[in-house]
Structures are given as structure tokens and as C-alpha cells.
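Whatever order the structure lists ligands and atoms in, that order sets their numbers, starting from 1.
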Amino acid sequence: MLIVLCAAGGCHRTAEELSPPPVPEATRRFAGVSITYYGDSHELGRTLERSLIQRFEQDTGIRVNLVPRPESTTETYVTYDRQFKAAEAEVDVYLIDLIWPAAFAPYLLDLTPTLATEARNHLAMCRESDTVGGRLVAMPYFLDLGLLYYRKDLLEQHGYARPPVTWEQLEAMARDIQSGERSGGRDLWGFIWQGLAYEGLTCNALEWQESHGGGGLIDPRTGQVSVDDPRAIAAFRRAAGWIGTITPPAVISYDEPESLDRFREGGAVFMRNWAYVHAGLEAADSPIRGKVGVAGLPAAAGHRSVSVMGGWQLGVSRRSRHPEAAVAFVRYLTSPEVQAWRAREGSYLPTVQKLWDDPGLRSDLPLLAAVAPQLPNMIQRPSGRVGPRYNAFSTYYYEGVEAILEGEAAGMIAARMQRDMVRLLAWPESSVRTP
Ligand code: GLC
């Protein structure tokens, strides 16, 4: 699928220079109360949240202490897990990855009595992943999906009219453009992605695997762990083969911000990353502003393009001493007004259904109309099904993929991953520790 973009919102302004929407039907009933929020760590996301908090404080009199979460999803999980299991009630509202509601449900307030009506306005797939055992444990905040970013200018200069549809095409284009540019003295790589051993690598590897027909982590057709599969192994081998040829060896230390920085400074032709990084690429200070195209991720010849579904939610701690104030904050941040504003300012994809068809928003953020055709190609990690064991399950997966990327035999490692993952699922949930 080809996605053409003209412009997008987002530039590096300070929280004070931004004008977030007022709090709808604001009340000062909880004025003077102080809550703590574990929020976004992405640079632009943090600025937007600081600005939203200023507006919320002004309209409600509630004070919000913002603590940015660790940058890595996996580190954030470990931090929250520790906090939830500790006795103190220090944090009221948590920014929660869409793969965590099943694991953290016991520690989160049921929002059904307060936000069920609002929740109905959100995309069913997001609402469903936030509902655990009939309890609405979080509210959808933004949607994310894996995308292929490419340098329109370089593709054109090297005679390519369209971005690649297959991995074979991506490899050929990456090799060609990389060697052409290097012979002109430029330091350039073909394709960068998130190769660090953490949840981001699980997302990348799952896209490689499924786009080679290798099933999901748990194959939806058979319900079985599907890693020791010849097509999955072929996909892992292919990715290992990119390293040192079209992908820099340093990719095994790249997370989302690191790969974004490399791409933004002009270091690569193609990048796999999430939708929310788009605003940073088109910001006023971006060296490649106006030169970036976005497309669905390639697939192996004969297979379909897939994108891992990502996204973040807001949950209220069951131990919060100020649940009403915390819910008021969540209601504001997840409102259609705030979601539209965050989409314009930061390319955060909305979860409020009607915003996807809003002509004004579609024209301000062409990314929206552009990624809409890719939504049916989204695939989910099996976090709902695996429940509290998901983090350990994913750790076996990304650690195995890491070993393959570092040169170990793919077939042998895939067999080991499969064995460990199957064994993990056979254990009672209460005995699970991250490996
Ligand atoms: C993005 C996605 C999230 C995913 C994470 C992996 O933040 O939104 O769902 O788990 O990346 O690093």
C-alpha cells in the first residue's frame, strides 16, 4: 500500500506556546487536590502533556505532578510492576501500553461506572483490549501501528517511483541507493529498525514473521505457539542477513528514539517505526522535513503486509487516594477534543472513532487518511490471551531473536524459543517470573 503525505502538524514549541482545548464541562469540585501521573517520555509527547496539564490545572484547580515513564516499554513494565506490588499509593494515573491491561487489571480501578459512556465512542478493538473480565481497566488514549518510512527524495533520485511492496524489493532498493550514495561520499544505510532486546524487537520480529506467513506468536488458526516454523525461521534469517549489509550493526542497540534520531539526521533510506514519530520528522527543525513518505510494511512475495497494533491507554490505580480527580484527568486526556488536538500537534492517532472521518482533521493530518487503509492489516500481540505471563512470553521471543541477529543458528534458537514459550504457558500464572 502506498501512502502519500503532504504535510503534518507538530513542531518543537514549548508547553506554554501551545493552546490545548479547555476541559469540557470543567468543575472545581476537587480544586486543591494533587495527583501524580506517570506519563509520556517521548520528547514531543511530554511537551504536549505538560501543556494539557497546565490547562487542566487552570480549569479544575487539581494539581498534576507529571513523572515521565522510562523510555523503554519493557523498563516501564518493570517499574509499574514493582510499584503495583509495593504497598504505597504514590501514583494515581498510569500511561499503559495496550499489551498490559490483562497483566495489571488487578491493580487498576474499574472505570465502567464513571467512563463507560465515553468508552463507547472509542474504536472497538481498543475498548476490547482495555476490558478485562468485564471491567474497563483503562481508557484508550492513542493508537499506534508499525509503518515503513522512506526518503521520497532518494527514491526519486535513484529512479524508484514507488516504495517497496515486498522485502525483496526493499532489499534491492536499499542496496542500490546505499551504494550509489556512498560512492558519492555520503554515509548512508539502507534500512533501520528497532533491534534492541526489548518489547520493540518483539514487534519488529512479529511483523517479519507474519509477513512471511509464519503465523502469530500464537497462531490464531491453531491456538499453538508458532515460532519453530520454517517460514518464521526464514524471516529471522532474512533480518539477520540485513545486519552489516543494508542495516548498521549498531541496530541491535536501537530502540524507537535512537532509530528515529538516525533517520531524522538523514542516516537511512528506510525506517520501520510507529505512527507517533511522524510529527517529529515533519517538525520545523527536522533536517528531512518534506522528504519523508510513509507506506505499509513490506511482505515476502506472495504474503500480506502486516503492522503490529500498538497504542497507549490511561489507567487509574486502585490505591489512588483521589480517584475522582484521577478519573476527571483521564476523561479530559481521552476526550475527542484532546485526541484531535494531540493528532494535529503530535501525530498521535486517535482512538475516538468519529475522528477518523472528521474532514477537518483529515486535512490537517494527512497521515490519518493515509494510514486508514493499513488498519485492517494490523496484527495483535497475544497479550490478552497470555495474560500476566505476556511479559515473560515476549522476553523469550525477543531474546531468541536477539541471539539469531547476533549470529546464532536460527533453527536451533527457534526450537528453544518454542520450547520455553510452550513451557511458560503450561505453568500456573502465579509462578511466572520474567526470565
Ligand atoms: C510503541 C507501541 C507499543 C509497543 C512499544 C514497543 O510504544 O505503541 O504498543 O509495545 O512501542 O516498544
Side-chain angles (χ1 to χ4, degrees), residues 38-46 48-49 68-81 94-104 122-123 125-126 128-130 138-149 192-208 216-217 251-261 271-280 297 306-315 334 339 342-343 346-351 367 371 374-375 378-384 386 390-395 397-399 401-402 434:
Y38 238 115
D40 208 343
S41 57
H42 174 57
E43 195 188 345
L44 178 57
R46 217 166 42 213
L48 299 187
E49 288 193 336
R69 69 172 180 87
E71 262 181 13
S72 144
T73 312
T74 302
E75 257 178 67
T76 308
Y77 178 88
V78 173
T79 307
Y80 288 6
D81 193 50
Y94 286 90
L95 182 59
I96 286 182
D97 196 329
L98 115 158
I99 49 180
W100 300 335
F104 292 150
H122 293 255
L123 296 168
M125 57 193 169
C126 301
E128 279 156 19
S129 71
D130 290 344
M139 275 293 277
Y141 186 35
F142 67 94
L143 180 73
D144 231 349
L145 74 164
L147 294 167
L148 182 73
Y149 291 89
I192 56 176
W193 30 276
Q194 294 79 50
L196 183 70
Y198 77 120
E199 183 63 26
L201 179 56
T202 288
C203 299
N204 283 251
L206 185 56
E207 286 162 350
W208 307 331
L217 284 178
V251 79
I252 54 169
S253 66
Y254 284 8
D255 55 9
E256 287 88 1
E258 182 77 25
S259 35
L260 175 61
D261 286 350
M271 169 181 70
R272 183 269 178 214
N273 215 322
W274 302 96
Y276 73 86
V277 308
H278 185 260
L297 288 162
V306 296
S307 287
V308 162
M309 174 175 169
W312 290 78
Q313 338 294 310
L314 296 172
T334 57
Q339 287 210 352
R342 283 173 45 88
S347 73
Y348 286 98
L349 298 180
T351 59
L367 180 71
V371 300
Q374 189 65 6
L375 298 187
M378 282 194 308
I379 51 171
Q380 300 233 26
R381 288 160 280 174
S383 51
V386 174
Y390 176 76
N391 191 54
F393 188 77
S394 173
T395 306
Y397 184 69
Y398 66 65
E399 286 187 345
V401 174
E402 179 199 27
T434 298

What are the atoms of ligand 1, with element, lying closer than 4.0 Å to any heavy atom of [X]?
X: Arg381; answer: 3 (C), 4 (C), 9 (O), 10 (O)
X: Gly311; answer: 2 (C), 8 (O), 9 (O)
X: Tyr198; answer: 12 (O)
X: Gly200; answer: 6 (C), 12 (O)

(message) side chain to side chain donor-acceptor pair (under 3.5 Å), that's the test. Do Ser259 and Gln194 meet it? Break it down for me.
(response) CA-CA 7 Å; Ser259 35; Gln194 294 79 50; 2.9 Å; yes
Where is the nearest protein heavy atom to [atom]: which residue, which atom, and how far?
atom: atom 12 (O) of ligand 1; answer: Glu256 OE2, 2.7 Å
atom: atom 5 (C) of ligand 1; answer: Thr73 OG1, 3.4 Å
atom: atom 4 (C) of ligand 1; answer: Asp97 OD2, 3.3 Å
atom: atom 7 (O) of ligand 1; answer: Trp312 NE1, 3.0 Å
atom: atom 8 (O) of ligand 1; answer: Asp144 OD2, 2.7 Å

(message) By the definition side chain to side chain contact (heavy atoms under 4.5 Å, CB included), identify the one residue from Asp144, Ile99, Leu143, Leu145 that meets it with Met309.
(response) Leu143
(request) Determine whether Tyr38 and Thr76 make a side-chain contact, defined as any pair of heavy atoms from C-beta on separated by less than 4.5 Å. (result) no
(request) Check Pro140 against Gln313 and note the closest heavy-atom contact, atom names and distance. (result) CA-OE1, 3.5 Å
(request) Select one of side chain, backbone, both or neither to describe which atoms of Gln313 lie under 4.0 Å from any atom of ligand 1, heavy atoms only. (result) neither
(message) Among Trp208, Trp274, Tyr149, exactly one meets ring pair (Phe, Tyr, Trp, His ring centres under 6.0 Å) together with Trp193. Which residue is that?
(response) Trp208
(message) Please confirm whether the ring centroid of Phe104 lies under 6.0 Å from the ring centroid of Tyr77.
(response) yes
(message) Can you classify the ring geometry of Tyr348 versus Tyr276 as parallel (below 30°), tilted (30 to 60°) or perpendicular (above 60°)?
(response) parallel
(message) To the closest 0.5 Å, what do you measure between CZ (Arg69) and NE2 (His42)?
(response) 10.5 Å
(message) With the threshold set at under 4.0 angstrom, would you say Phe142 reaches ligand 1 through any of its heavy atoms?
(response) no
